[in-house]
Number of protein chains: 2
Amino acid sequence: MIPNNNSRKMFLEIVKQLRKLIHDENIAVGGKLPSERELAERLQVGRSTVREALRSLELLGIIETRRGEGTFLSDFRKHQLVELLSTFILQDVKSKKDVHTTMQALEKDAIRTICMSDVLHKQSIWDAFLDKLQEEVLQEDIIREIIIISNNRLALKIWFLLKQFADEPYRSFMNVEEKKAWKLLLTNLKIGNEQQAISYYNEWKLLTNRGEIK
Amino acid sequence: MIPNNNSRKMFLEIVKQLRKLIHDENIAVGGKLPSERELAERLQVGRSTVREALRSLELLGIIETRRGEGTFLSDFRKHQLVELLSTFILQDVKSKKDVHTTMQALEKDAIRTICMSDVLHKQSIWDAFLDKLQEEVLQEDIIREIIIISNNRLALKIWFLLKQFADEPYRSFMNVEEKKAWKLLLTNLKIGNEQQAISYYNEWKLLTNRGEIK
DNA sequence: AATTACAAAGTGGTCTGACCACTCATAGTT
DNA sequence: AACTATGAGTGGTCAGACCACTTTGTAATT
């Protein structure tokens, strides 16, 4: 039960143990972990070893630690990970172009998925959607809705992640022309006309890129 | 220059410093970092603090350490990060289905990108591709090539990451029928016929999914 | 001269004990 | 009742000590 001693990376073992502990004790997001000193005693290792494991998890944003208070399980759908990915993983992806391209791939796929679904384009949600376009609406809000409806949570997560790297042409409100394109897009989405839907999507993209040169 | 003292997370600062050091000293993948003791002295912090930073980067798979030898910058397109993501980040993405769907989205987009490119489908690389199909060839190898050609490094990275979660229907060799579909796919890719290319892609996917029920 | 054997230096891995800075609950004061 | 001071508990950091392991240089052997 205690593969403590020599040879291989104790602190990695502690990371495992911590994951187990979090699971076993059913510690919820925001919940408190035992103190470093207590963990050291319970796991029969030095405090520094426990700390190395904890610091690793902290850098990942899995836990959060507050001096004088303790260590807490954090909601890791936060920022840490994004920053890390940006500095290390994405470091050599020099052009923001890839980010935009990949986002558009996900967006288009959502549209296509919806079009090909027998169920989705029969629902009346699309009318509610069209109503939304009457009001002030953010670009990112409506495209996010589309991805949500396409029912691919993973794609949504990735899209969300990428959005934070993008130059944020998504944060602005739609103008009249954009809304016009979207109305046509939604209309075709409703009846499952993939070709036309994608076509209007591209048209919309051209409108939003009016400023950019890349 | 030295925001050492009190208040905020020294070890996070060290992580930054290390990143800078790696960049400044132009340490390549596989290259050696200064020893922990030397780093401690150069950065004017205790060795344990340096270690906390190093251990974090190790858990991320950014560095690799060998006892008695030293610390090395590692090729982080390896495994660590994937395992972590699988246990923490992707924990609530229950269905493997999303993984497959998202991968296919990226794959299809690569195909579409290539078709729409004026340059790509005029090159003769496609003949070499067709030759490859004569030999034994892994499914993942050929689809990876496609994504590489589409020239979106970010998409490639994400695809690579996802592949490691997939049930690996990619690791097997192509059978005769699959090769047939791919030949047709490539032929259309060469002339930029998006419709047909995607169509044959879908056909291929049907062939590979013969075992699955989902 | 070449090979082997051994010792030393250097490195990461871990533990211990000691402070510091901070938070919080509580006892004590007003 | 409201406020204040104290102390216990917690994370943050450091220094020093071993240990296990690898590499390297040197001395002994062949």
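We name chains A, B, ... by the order of the sequence lines, and we start the count at 1 in each one. No hydrogens, no waters, no symmetry mates; every other heavy atom, side chains included, goes into these values.
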Spacing between [X] atom [atom1] and [N] atom [atom2], to the nearest angstrom:
X	N	atom1	atom2	value
B:Leu43	D:dT13	CG	P	13 Å
A:Glu41	C:dG17	CD	P	12 Å
B:Ile14	D:dT13	CD1	C1'	11 Å
A:Glu64	D:dT10	CD	P	18 Å
B:Phe72	C:dG12	CZ	C1'	11 Å
B:Arg47	C:dT16	CZ	C1'	14 Å
A:Leu59	D:dG12	CG	P	13 Å
A:Leu33	D:dG11	CG	P	9 Å

Would you say the side chain of A:Arg66 and the base of D:dG12 hold a donor-acceptor pair, judged only by whether the two atoms sit under 3.5 Å apart?
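No such pair is found, so the answer is no.
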
Does one side chain, of A:Asn152 or A:Thr113, offer a donor that lies under 3.5 Å from an acceptor on the other?
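No pair is found: no donor N or O on one side chain lies under 3.5 Å from an acceptor on the other.
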
For B:Glu25, I'd like to know if atom CD has over 12 heavy atoms of other residues, nucleotides or ligands within 6.0 Å.
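Count over threshold, so yes.
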
Might you confirm whether atom CD of B:Glu41 has over 12 heavy atoms from other residues, nucleotides or ligands at distances under 6.0 Å?
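No.
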
Does the pair B:Arg55/B:Glu52 count as a salt bridge with the N-to-O cut at 4.0 Å?
no

Nearest-nucleotide check on DNA chain D, A:Ser48 vs A:Gly68; residue mapping nearer the 5' end is A:Gly68

Under 4.0 Å between a side-chain N/O of [X] and OP1 or OP2 of [N], yes or no?
X	N	value
B:Thr65	C:dG13	yes
A:Arg55	D:dG12	yes
B:Arg51	C:dG13	yes
A:Thr49	C:dC15	yes

Ranking A:Gly46 and B:Lys32 by the position along DNA chain C of their nearest nucleotide, the one closer to 5' is B:Lys32

Pick the closest DNA chain C nucleotide for A:Glu69 and for B:Glu69 by heavy atoms, then say which residue is nearer the 5' end.
B:Glu69

Counting side-chain heavy atoms from C-beta on, which of C:dA21, D:dC18, D:dC21 comes nearest to B:Arg67?
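The answer is D:dC21, which lies nearest to the side chain.
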
Give a yes or no on whether the backbone of A:Lys97 and the side-chain of A:Thr101 come within a donor-acceptor separation of less than 3.5 Å.
yes

